[in-house]
*Asks:* 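Sharing a structure here in structure tokens format.
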Amino acid sequence: MNIALFLEMAAEAAPDRIALVCDGRSFSYAQLLAGARGAATMIAQSHAEHVALLDEASEAAVFALFGAALAGVPYVPLNYRLADADLAALLQRITPCLLVGDVARARSLHDDERNMLIARERFTGQAKEAPAIEESDAGLGTAVQLFTSGTTGMPKAAILRHTNLTSYVIGTVDFGSAPEGSAGLVTVPPYHIAGIAALLTSIYSQRKIILLPAFTPEAWLDLVADQRVTNAFVVPTMLARIVDVMDKGHRPDMSSLKAISYGGGKMPLELISLALDLFPETGFTNAYGLTETSSTVALLSPEDHRAAKASNDPMVHARLASVGIPLPTIELEIRDEDGKLLGRDAVGEIYVRGEQVSGEYKEKSALTADGWFPTRDAGYLDRDGYLFLSGRADDVIVRGGENLSPGEIEDVLLTHPAVTDACATGIPSHEWGETVGVALVLSDGNKAPEQQEIQQLVRDRLRSSRVPEQILFVESLPYNEMGKLLRREVKTWFKR
Amino acid sequence: MKPGTRLKSAVCDTEVMVIRGGEGTVECGGAAMTEDGAKTGEPAADHQNGTLIGKRYVDGGGTVELLCVKAGKGSLALDGTPMATKDSKPLPASD
């Protein structure tokens, strides 16, 4: 099944319903489909091997995504925040391409006459005028190619096939299920898997998409009030900034907001707890997924959030920091370094399998012989099957043969009233192989607690192997733009 | 039939995508569905319950599953046995 079918179905069922709003411009499903069909004709005529987007979110992203799908050419949204040299290398890898967006920058970085560069307005204008693509054999090859953020080494080109994406959408969303008047605010950039998934699931459920191309917390709050937004997806850093601005008194009407989902980075316990108080009528959903899994593979439901917050049972309360239960349409296992299945509460690497799981890169597939994808994320399942993340598999601290989860230690450190942010990491040790080092950020005006006080806090709550040997107090911790903590950088701060 | 195959009704507008394939013949309005969709007439009188766009249809054994991508007047059946719409448990929106 081709992803363009979703847009065709939406346009068949409700051609005149508003599908997308961006910077005051509105488009119906029929208009989006017409734009995509025109774009497909342009793409087919260009003989490009990739359709690239170097631009913020707009209707052009929708025309390009579905136009590429109809033409049977991979869609490659690029991260416009990359440094010039990194972006130039990616442009070289996708030549010959039809690139939509920042023509001047693309030409200055990689000038190649095989590429067709076209600015956003010209692209959308021509797509609307172009004849619809003739019946074409679009096939079921690669729908989307996303370059992974590559915190280490060269970015990998993750391949998502039509079958991966359509399985995900059909398995998680019912067609036309969004109630009349529902509107989803999309703030994640178009090159992020959550941005792609949001377009697909919104169109399939017929939920109106409200695009906010450049996020600021004030603009986000105002747009929710103005457009009567019902659903929104945020990364934790966005939520932190939203909560901060609300704290300072900017509080437009949030009564329309039924659901906030979040993912893409670790959510601090304190922040989600605060957000639940600030949005008492809103259902929160934590979604865990990767580019290579076509977005979400596990989620913590609104009911789980409220139950965890209200519970006195420490195990249930802890679930506020969980990413929830795996989707019924996938399989999920925790395995040790040798690939052996681990039991409940044991930290290991998360493996997933299912039709939505691609696990495939342009260079090679990362799937095991029997179709499992080793995510390189570490985590564990609790007694009732709730999944907890413990950082990247490479970040797990191995002390004397015991696997320690940085996240577990950080959650305890964050309960200290003076600590606002924490990072635990493995530091080399003669005796143990690795021991625990922690970097802590203090809230304004707080004096650094005694080393022993921090160690005692961890000792009281966790096993003694988790007690930090080195403690640093720092101004701030390093994050990438999507809110991912750069642990490898913190690791270098400790004495060897 | 294989997953991803698009079948068209011979007697109405109905079109379906095969989500899960299996043995047997998918019929709409009493006539076998085909990939080319050549029309042979009208839906049979007792096969006119209609199809709904976006609904998923399964056979009694749960082996064959179809997604209706275009609605029509005929009813869906597998080897003469009517297919039923599949109920799904909705998940909270996560994107």
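All of these numbers come straight from a predicted model, not from anything done at the bench. Residue numbering restarts at 1 for every chain, and letters A, B, ... go by the order of the sequence lines.
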*Asks:* Just checking A/E331: does its CD atom have more than 12 heavy atoms from other residues, nucleotides or ligands closer to it than 6.0 angstrom?
*Replies:* yes
*Asks:* Using a cut-off of under 4.5 Å on heavy-atom pairs, state which of A/D174, A/L5, A/I196 scores highest against chain B.
*Replies:* A/L5
*Asks:* Return yes if some donor-acceptor pair links the side-chain N/O of A/T187 with the main-chain N/O of A/F233 below 3.5 Å, else return no.
*Replies:* yes
*Asks:* Which one, B/A93, B/C68, B/G4, leads in non-hydrogen pairs under 4.5 Å with chain A?
*Replies:* B/A93
*Asks:* Would you please say whether a donor-acceptor pair under 3.5 Å links the side chains of A/Y168 and A/T296?
*Replies:* yes
*Asks:* Check whether A/T172 gets within reach of chain B through its side chain, its backbone, both or neither, counting any heavy atom under 4.5 Å.
*Replies:* both
*Asks:* For B/E65, is the CD atom crowded, meaning more than 12 foreign heavy atoms sit under 6.0 Å from it?
*Replies:* yes
*Asks:* Where on A/E8 is there a heavy atom nearer than 4.5 Å to chain B: the side chain, the backbone, both, or neither?
*Replies:* side chain
*Asks:* Using heavy-atom distances under 4.5 Å, tell me whether A/A197 contacts chain B through its side chain, its backbone, both, or neither.
*Replies:* both
*Asks:* Could you tell me which portion of A/L327 (side chain, backbone, both or neither) has an atom closer than 4.5 angstrom to a non-hydrogen atom of chain B?
*Replies:* side chain
*Asks:* What residue in B/T5, B/I53, B/V18 has the most heavy-atom pairs under 4.5 Å with chain A?
*Replies:* B/I53
*Asks:* With a 4.5 angstrom heavy-atom cut-off, which part of A/Y204 approaches chain B: side chain, backbone, both or neither?
*Replies:* side chain
*Asks:* Answer yes or no: does atom NZ of B/K55 have more than 12 heavy-atom neighbours from other residues, nucleotides or ligands under 6.0 Å?
*Replies:* no
*Asks:* Which is it for A/F279 and A/H305 under the ring-ring contact (aromatic ring centres under 6.0 Å, His included) test, yes or no, and what are the steps along the way?
*Replies:* CA-CA 12 Å; A/F279 296 92; A/H305 275 83; over 10 Å; no
